[in-house]
Amino acid sequence: MYTRFKHLCRYLFIGLATCITHNVIANTTSMSTPKVLNADHWAQFSAQNALDIIENVPEFTLVEKPSERGLSNATVNILINGVPSIPEHSSPQAYLKQIPIDQIKRVDFYNTNHPYSVASQFSQLINIITHKNNSQTTLYTEFAQQADKVMLDNIALKIAMPWQGWNHQFSANSQNTRYISTADIYEQTPDNIANHIGDESYKEKDKSHSLSLTSRLEDQKNLLQLTINNEKNNYHESTRNLFSTNSKQLFLENTQKSQLNVGVDWQYKGLSTWQLHSVASLRNMQDKTHTHATFFNSTTHSRPQDSSVFMQTQNWRELAAKVILSQPTHALSPELGIAYSRNELIANTLPSEAQSPHYISSDIQEIRYEPYVKLQYALNQNWQVYARINAESAKLTTQGSDSFEFSKVYIKPFVRLSFDNKSTVSISATLKQQVKQLDFEPFIASEESNYDRAFIGNLRLKPMKYDELEMQANYVPNTLVNINLNTFYQWQRDIHEYTLLSDTEVGIGNAGSAQYFGTDLQITLQTDKIVPNSRLEMTHTYRHATFNDSITGKRAITGLTPQQLNLDFKQDFNALSWGVHYQKSHVYTEYYYDEIYTEKTAPQLSFFTEFNFNTTTHMRFNLAAFGRDKTEFKRQVFALNRANSLLRNHLYYDVAKPKMSLTVTLKL
C-alpha cells in the first residue's frame, strides 16, 4: 500500500503541474487575498495585545506543530511581518501578550491559502504587520498567590524604537512561576482492594531570564531582520512522600538550561520578476540535570537508608540556512528552495545505579539537505491548488557504547486543493507524505526517579514516516455562528514506542505501523441576544489510534488523549471584560514494557476579569483551580511484561492548590 500511495502522490503532482501549465492562458486570479483586521476591528472588544486580536477571530484556530530542527517550516501558524518570529522555546500565547496593540498596524488573516512557504504545512495563517516607526515602552507584570504566598510571577519589558532607518525591538523577561499540590497515595491489589499507604507534597519552581533584540530594516527592495536571543532557565522539582510505616522518600530534581540563538532573515525584491529570500540561524544550548532520590527508614533515626543520584549534561549546537527563489506575480507562483541544517548533541550521563562514576557518552550528529519546488495556481475565483515536492537527504551518525550510521533520501509530495466562496464556506483537502524529524532525547539514557523508571538510549533509532489525508472546513451561515472542523487520517510506519532494547533494558524503539485518526471541532456562538456583547466558544478534540502491539495485540499508541472538551464564555465592554473557562476531565495514557500509566484530570474551572483604567494602564485578574482541581495518576504494574498478570496498582490523587494572579500592563 505504501508503494502505491507514494507513486500516486508523484503522478498526481506531475499531472497537476502539467495540467495547470497547459491552462495558464490568462488566468492570474489569486486567492491569496487576506481578510484585513485593523484598529476599527479590535476597538470593538478593547484588545490590548496581539493575543487579544487572535482570540477574537472566530474562524481562526491557533496550531502548534512540534519544534523541528532546521528552517524547513514554522512551528506556529502565526507570522510577524512575514517572518516566523515567535521563538521555538516560548509559549506563543505568552509571546503574543507582549506585543501591545499600539505596535500593530494590521493583521492579515488567510483562511485557506496564503503565500508564505515557510508555513506551508498550515492551511490557515495569521500575519501580524507592525508599525515601521513607532517608539513605545511596555511594562508587563504578573503577581501570583498560591498557598498563602505572594510573589512576582512574571515581569517583562518591551521597548520599540526606530533608529537610523532600523526598527529595533528589545525585550527583557523574567519569570518565577511555581506550582504546589498535595496527594494521597494508595496501593491497590489485583482484586481491587485499595490501601492508603502515604501522603505526598509536591513543589515545582521554574525561574527563567531572557533577553532578545530584533532589528528590522525595510525599503522598497529589501527586508532585513536580525535576531539575537539569550535565555537561562533553572527548574527545580521537589517531591516528599511520607508513608504510613513512618518511612519517607525525597526526590529532588534540578535542571539548568542556557540557550543562545542568532538569526538573519533577508528578503530581496530587486530582481526583475523573481524574489530572493535567505535565512540563517545559529543555536547553542546547554543542559545540566541533577536528580537525587533518598529513602529514609524509621529505624535509622531519619538517616538515609538508601540514596541514588542521576546526572546528565547535554551540549547541543545547530547551524541552519535556507535560500528561496520565488515569482509571486506568475500565474503558477513558482518557488524553488533548499534548506540545510547541521546538528550535534553531545551528552554525558551518570545513571543512578552506577556504584562508581562511570559516565555513558553519546554523540549524535545529523546533516540534512532539503531541496523543494512549489507551484500554486488559482483555477478560478473560488478554487486553488497548491503542489509541493520535497526531497530530503539525511545522514545520521551516532557514537557511544555502539556506533551507527543512517543515510537515506526521501521524496515527500504535498498537494492541497482548496475552495473559498469568500463569504460562508471554505474547504481544503491535503494529501502529503512526511518523514517526522527525530527527537534526539531517545538516543540518550534517561531516568524518572519519582516512578522508578530507567531508559537506555537507542543509537539505532530511525525516523517515523507517515502518509496523511487532511481536510479542513469553515462554515459561517450567519453573523451569529461560526463552525470550524479539521479532520485527518495518518498511516504511520516505524512508529516510536517503549520497547525492550536488550535482555532487560527498555527504551524508545521503532515498533511497526499504526493508523491514527483525529478531529478538531470549534463552534463559536455570538450570544448578544441573551447577554449583550458576549460569545460562547466550544472546542472539542478527538483522537483514535490503532497499533498492533507485539505484547498484547491491538491497542492505542502511547501518549494519546482520546477526547478533550473546552468551553469559554466572554463578555466585552469598553473598559471591562470578564470570562469563564471550563475544561472537561480527560485521560492521558502511556504504555511501557511492564506498565500502563494513566493521568485522569478532574473538570477544571477558571475565571478572569480585566479592566482598562485609561489608555496606558491595563489590569487582569485570574483565578485558577478554585474548585480544588484533582488529578488521578494510576500505574498498573505487571509481572515481567504487560502480557502477564497484574501485580498491583499505584494510585495518586493529586489536588492542586488554588492560584490567583494579577497582571498589570503599563505603556510608558
Side-chain angles (χ1 to χ4, degrees), residues 34-57 60 62 74 76-87 90-110 116 125-142 154-174 210-219 222-229 263 265 267 572 577 610-620 663-668:
K35 178 181 179 181
V36 179
L37 312 176
N38 53 29
D40 293 335
H41 170 80
W42 58 70
Q44 57 187 318
F45 49 84
S46 303
Q48 298 299 309
N49 51 57
L51 183 62
D52 289 341
I53 300 174
I54 291 169
E55 289 182 340
N56 282 275
V57 182
F60 178 73
L62 192 149
V76 186
N77 60 339
I78 296 175
L79 304 180
I80 300 174
N81 298 311
V83 178
S85 301
I86 299 178
S90 299
S91 163
Q93 291 85 350
Y95 186 85
L96 293 169
K97 280 183 181 179
Q98 299 177 22
I99 304 178
I101 204 72
D102 293 346
Q103 291 185 17
I104 301 174
K105 181 179 180 180
R106 71 174 194 275
V107 173
D108 293 341
F109 169 50
Y110 297 86
Y116 302 100
L125 184 129
I126 275 183
N127 184 31
I128 300 173
I129 309 298
T130 61
H131 289 288
K132 293 183 179 181
N133 299 295
N134 187 25
S135 298
Q136 188 180 73
T137 301
T138 305
L139 180 64
Y140 173 92
T141 59
E142 182 174 349
N154 187 8
I155 180 169
L157 177 67
K158 195 176 187 71
I159 301 174
M161 180 180 64
W163 182 71
Q164 297 290 325
W166 290 78
N167 288 278
H168 301 287
Q169 298 269 355
F170 172 78
S171 298
N173 193 343
S174 178
S210 66
L211 296 173
S212 65
L213 175 64
T214 301
S215 298
R216 186 165 172 261
L217 177 66
E218 184 175 3
D219 56 31
N222 294 276
L223 192 158
L224 177 63
Q225 180 168 299
L226 309 176
T227 305
I228 183 168
N229 176 270
D265 193 301
Q267 300 178 33
D572 289 304
S577 297
E610 51 188 357
F611 309 88
N612 295 324
F613 289 100
N614 48 52
T615 57
T616 61
T617 306
H618 176 75
M619 183 176 294
R620 177 186 174 102
T663 303
V664 180
T665 304
L666 301 174
K667 298 175 184 178
L668 305 177

Next item on the list: Measure the CG-OG1 distance between N154 and T141 for me, rounded to the nearest 0.5 Å.
Entry: 8.5 Å
Notebook entry, point to check: With no hydrogens and no angle check, is any side-chain donor or acceptor of D108 less than 3.5 Å from a backbone partner on I129?
Noted result: no
Margin query: List the residues meeting side chain to side chain contact (heavy atoms under 4.5 Å, CB included) with S135, not counting sequence neighbours, and say none if there are none.
Written below: P162
Next item on the list: Could you tell me which residues satisfy side chain to side chain contact (heavy atoms under 4.5 Å, CB included) with L666, sequence neighbours excluded, listed by chain and number?
Entry: L139, T617, V664, L668
Note to self: L223: which residues meet the side chain to side chain contact (heavy atoms under 4.5 Å, CB included) condition with it, sequence neighbours left out?
What the structure shows: R216, E218, Q267
Next item on the list: Using the test salt bridge (charged side-chain N to carboxylate O under 4.0 Å, His left out), find all partners of E610 that sit at least two apart in sequence or belong to another chain.
Entry: R620
Margin query: Nearest 0.5 angstrom please: Q225 CD to Q169 CD, how far?
Written below: 9.0 Å
Notebook entry, point to check: Any chance the side chains of N173 and S210 put a donor and an acceptor closer than 3.5 Å?
Noted result: no
Note to self: Return the OG1 to CD distance between T663 and E142, rounded to the nearest 0.5 Å.
What the structure shows: 3.5 Å
Check: Do V107 and I126 pass the side-chain contact (heavy atoms from CB on, under 4.5 Å) test, and can you show the C-alpha distance, the side-chain angles, and the key distance before you say yes or no?
Finding: CA-CA 7 Å; V107 173; I126 275 183; 3.7 Å; yes
Item checked: Pairwise distance CG(N77) to CG(N127) - rounded to 0.5 angstrom -> 11.5 Å
Checklist line | With sequence neighbours excluded, residues passing salt bridge (charged side-chain N to carboxylate O under 4.0 Å, His left out) with K105 | finding: none
Check: Got F170 and L211 here, is their nearest side-chain heavy-atom distance under 4.5 Å?
Finding: yes
Notebook entry, point to check: Hey, are the side chains of T214 and L226 touching, using non-hydrogen atoms and a 4.5 Å cut-off?
Noted result: no
Next item on the list: Please work out whether the ring planes of H168 and W163 are parallel, tilted or perpendicular, with thresholds of 30° and 60°.
Entry: tilted
Notebook entry, point to check: What are the two closest heavy atoms between L217 and G165, and how far apart are they?
Noted result: CD1-O, 3.1 Å
Margin query: Restricting to side chain to side chain contact (heavy atoms under 4.5 Å, CB included), what partner residues turn up for N49, sequence neighbours left out?
Written below: L51, D52, K97
Checklist line | Candidate list N612, T665, T138, test side chain to side chain donor-acceptor pair (under 3.5 Å), partner H618, passing option | finding: N612
Next item on the list: Can you measure from CD1 (I128) to CG (L96) and round to the nearest 0.5 angstrom?
Entry: 5.5 Å
Checklist line | Nearest-0.5 Å distance, CD1 of residue I78 to CZ of residue F109 | finding: 11.0 Å
